[in-house]
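What follows is a set of notes on a single structure, which appears directly below.
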Amino acid sequence: MSEIEKVKCLIIGSGPAGYTAAIYAARAEMQPVMYQGMQPGGQLTTTNEVENFPGYPEGVTGPDMMLQLEAQAKRFDTDVRFGFITKVDFSGEIHKCWADDGKEIHAETVVISTGASAMYLGLESEQLYLKNGGGVSACAVCDGFFYRGQETVIVGAGDSACEEAHYLSKLCTKVTMLVRKDVFRASKIMADRVKNTENIEILYNTNTVEVLGDGQGVTGTLVKNSITGEQTTIPCTGFFVAIGHKPNTDIFKDYINLDSTGYIEYAQPGTSKTNVPGVFVAGDAADKTYRQAITAAGTGCMAALDAERYLASKAH
Ligand code: NDP
């Protein structure tokens, strides 16, 4: 039988949402336990420079910022654990969670801050320049600024791709959008916006063959037209991927209400409450609109405050 541990507050996931929830919960003497998850520090650890998080006038690297958040959470005695939750049972008043270290945790409150993962094409060259910070990104709002005055390519045809292409068009001299079919998936208004932007060129029926580079950074994209078979090279220094995100919510689906794309639904707008009393959500696991570190941190704070109020209401 696995070891049972009783906790007041279990935080699942360690991005800005999870750490902010931990800081607040720890200062409220809820002795939070955090399981960091598969990617300690979350998506920001794959970002190079963060320049839009208030309080860092000189910018900060994603990994450094996450180390600082972790240190701040530990300063107030958050029990931060390297590991992940594999299974949950939210059917009773006590929320049961099983961790990969063999522990069975019985939590009075749970904050889900498991985030979402950007989807990538899976090309070796794409992954190379993603990992070395050499020009591949899945977040134009985070990284677009580094490509101002330069040419970029963006893959995708949904609302995100349109929004990001439009964002890039204001910074870059030219944006080339690669649409794999002959139609956009995006809403008409979003698609029309990119179609009507002068420095956005849309290539339909076009797939990425390879992200080209000099070993240090991206220099172009080799593309292929799926109708004619013709291959062309597009010069660019930034290669953006906007083909969707996958929220990391699979283990909760039997208990927590998810929308059709897997994002957690708030039970009460303006709060962090899920449909299960005592279980709260923060960050990208419930956010397909903003997806920013600062918004994740804000909802992490909300989740900890909601958890604290939930515990207080049960005590009376
Ligand atoms: P979507 O799933 O809506 O779109 C993904 C896009 O990526 C599709 O055009 C798809 O092509 C393309 N794609 C997928 N895989 C590949 C691949 N391997 N190669 C090339 N292209 C690929 O994701 P979004 O992130 O755009 O949107 C998610 C949700 O969030 C949607 O509901 C959207 O409406 C919403 N959203 C709303 C916004 C707003 O209203 N402001 C802003 C951003 C998102 P294909 O069409 O061929 O399948």
Side-chain angles (χ1 to χ4, degrees), residues 43 46-47 114-130 136-144 152-170 175-197 200-212 218 220-232 234 236 238-250 257-266 269 281 283-296 299:
Q43 290 180 78
T46 62
T47 305
T114 46
S117 305
M119 297 202 280
Y120 290 93
L121 299 174
L123 298 169
E124 215 171 286
S125 50
E126 169 203 55
Q127 292 302 307
L128 171 73
Y129 292 109
L130 171 70
V136 171
S137 168
C139 180
V141 179
C142 319
D143 298 325
T152 51
V153 162
I154 182 161
V155 185
D159 282 334
S160 295
C162 291
E163 200 166 70
E164 305 227 326
H166 193 248
Y167 182 87
L168 288 171
S169 72
K170 292 187 217 146
V175 180
T176 306
M177 242 184 134
L178 308 181
V179 176
R180 68 176 171 182
K181 293 187 190 146
D182 60 358
V183 286
F184 274 88
R185 185 191 291 196
S187 52
K188 187 173 179 312
I189 185 165
M190 301 285 270
D192 283 349
R193 188 181 297 164
V194 295
K195 288 178 193 170
N196 295 329
T197 302
I200 299 180
E201 183 182 8
I202 301 162
L203 301 181
Y204 292 98
N205 302 307
T206 301
N207 291 304
T208 308
V209 180
E210 213 62 75
V211 179
L212 306 172
V218 171
T221 307
L222 180 64
V223 300
K224 183 177 180 179
N225 183 298
S226 57
I227 311 274
T228 63
E230 191 191 346
Q231 295 202 4
T232 1
I234 306 165
C236 65
F239 181 83
F240 288 85
V241 187
I243 61 172
H245 284 75
K246 190 180 177 317
N248 303 316
T249 55
D250 283 356
N257 291 342
L258 309 179
D259 74 8
S260 60
T261 48
Y263 286 89
I264 292 177
E265 290 183 327
Y266 288 111
V281 61
D284 288 11
D287 176 12
K288 60 182 168 194
T289 310
Y290 301 104
R291 297 191 191 115
Q292 299 301 299
I294 188 69
T295 49
T299 54

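Note that ligands are numbered from 1 as they come in the structure, with each ligand's atoms numbered from 1 the same way. We're numbering straight along the sequence, starting at 1.
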Open item on the list: One pair to check against side-chain contact (heavy atoms from CB on, under 4.5 Å): Phe239 and Leu123. What are the steps and the verdict?
Closed with: CA-CA 12 Å; Phe239 181 83; Leu123 298 169; 5.7 Å; no

Open item on the list: As a quick check of understanding, evaluate side-chain contact (heavy atoms from CB on, under 4.5 Å) for Val175 and Phe240, giving each step before the final call.
Closed with: CA-CA 10 Å; Val175 180; Phe240 288 85; over 6 Å; no

TODO: List the steps and the verdict of side-chain contact (heavy atoms from CB on, under 4.5 Å) for Arg180 and Ile243.
DONE: CA-CA 11 Å; Arg180 68 176 171 182; Ile243 61 172; over 6 Å; no

- [ ] Kindly indicate, with the supporting measurements, whether the criterion side-chain contact (heavy atoms from CB on, under 4.5 Å) is fulfilled by Tyr263 and Thr249.
- [x] CA-CA 7 Å; Tyr263 286 89; Thr249 55; over 6 Å; no

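By the definition of a contact as any protein heavy atom under 4.0 Å away, atom 17 (C) of ligand 1 is in contact.
In this structure, of Ile243, Leu123, Asp259, the residue bringing a heavy atom nearest to atom 12 (C) of ligand 1 is Ile243. Here atom 9 (O) of ligand 1 lies nearest to Ala157 when heavy atoms of Ala138, Ala157, Ala186 are compared.
Taking 4.5 Å as the limit, every side-chain heavy atom of Gln43 sits out of range of all side-chain heavy atoms of Cys139. Lys181 places none of its side-chain heavy atoms less than 4.5 Å from the side chain of Ser226. Pro247 has its side chain out of reach of Thr261: every pair of non-hydrogen atoms, C-beta onward, lies at least 4.5 Å apart. Residues Asp284 and His245 form no side-chain contact, since every pair of their non-hydrogen atoms from C-beta on lies 4.5 Å or further apart.
Ligand 1 has an N or O atom lying under 3.5 Å from an N or O atom of Ser160, backbone or side chain. Of the N or O atoms in His245, none lie within a sub-3.5 Å distance of an N or O in ligand 1. Considering backbone and side-chain atoms together, Gly158 places an N or O closer than 3.5 Å to an N or O of ligand 1.
Thr299 OG1 to Tyr290 OH: the interatomic distance, rounded to the nearest 0.5 Å, is 12.0 Å.
The nearest heavy-atom contact from the protein to atom 29 (C) of ligand 1 is Lys288 CD, 4.1 Å. Ranking the protein heavy atoms by distance from atom 23 (O) of ligand 1 puts Gly244 CA, 3.8 Å first. Counting only heavy atoms of the protein, atom 47 (O) of ligand 1 lies nearest to Arg180 NE, 2.9 Å. Of all protein heavy atoms, the one lying nearest to atom 3 (O) of ligand 1 is Arg185 CD, 3.6 Å. Ranking the protein heavy atoms by distance from atom 28 (C) of ligand 1 puts Arg291 NH2, 4.4 Å first. Atom 41 (N) of ligand 1 has Glu163 OE2, 3.0 Å as its closest protein atom, hydrogens excluded (heavy atom only).
Taking every non-hydrogen atom of Leu121 and a distance limit under 4.0 Å, the qualifying atoms of ligand 1 come out as 17 (C), 18 (N), 19 (N). Residue Val155 approaches ligand 1 through these ligand atoms, each under 4.0 Å from one of its heavy atoms: 20 (C). Which parts of ligand 1 touch Asp159 is read off a 4.0 Å heavy-atom cut-off, strictly below it: atoms 26 (O), 33 (C), 34 (O), 36 (N), 37 (C), 38 (C), 42 (C), 43 (C), 44 (C).
Tested against Thr176 for a side chain to side chain contact (heavy atoms under 4.5 Å, CB included), the candidates Ile234, Ile202, Val155, Ile200 yield a single pass: Ile234.
Ligand 1 does not have Thr289 within reach: every non-hydrogen atom of the residue lies 4.0 Å or more from it.
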